[in-house]
Amino acid sequence: MLIKLYGDSGEPEKRYSPAQCNGSIKRPIHGKPEEKHVSTSYVERQNLTMRMGMRRFTRLTNGFSKKVENHVAAVSLHFMHYNFVRILTRLCG
């Protein structure tokens with residue numbers, strides 16, 4: 001697992017300013033992984049795909065979910081489509 005440590009950037013906070021990454025700690029969770037293979041790339045890509053594919057995760061849009069049930073249904077539909085319907089061009093090309 002890669003744990004990222006975030007802190008204050010030192011400049012005044014703006015409305016959408018991200019926190020500054022001050023470092024990271026690599027910690028094995030299961031087994032003995034090689035250090036060079038510990039990464040958050042897959043999870044970060046999945047989060048980006050989910051945010052860009054579903055505008056419900058962007059609060060300032062019309063699709064923002066006010067009810068938890070609607071949000072759960074939208075996330076379920078997104079992952080069902082992403083995992084079972086979408087054609088992978090890298091595998092079919």
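Owing to the predicted nature of the structure, the values given are computational and were not obtained by experimental measurement.
Annotation: side chain of Thr49 is not in contact with side chain of Gln46 (no heavy-atom distance under 4.5 Å).
With values rounded to the nearest 0.5 angstrom, Ser24 atom OG is found 9.5 Å from Ile3 atom CD1. With rounding to the nearest 0.5 Å, the separation of NE2 in His78 from CZ in Arg51 is 11.0 Å.
At a threshold of 4.5 Å between side-chain heavy atoms, the hydrophobic network of Ile, Leu, Val, Met, Phe, Trp and Tyr places Met52 and Tyr82 in two separate groups.
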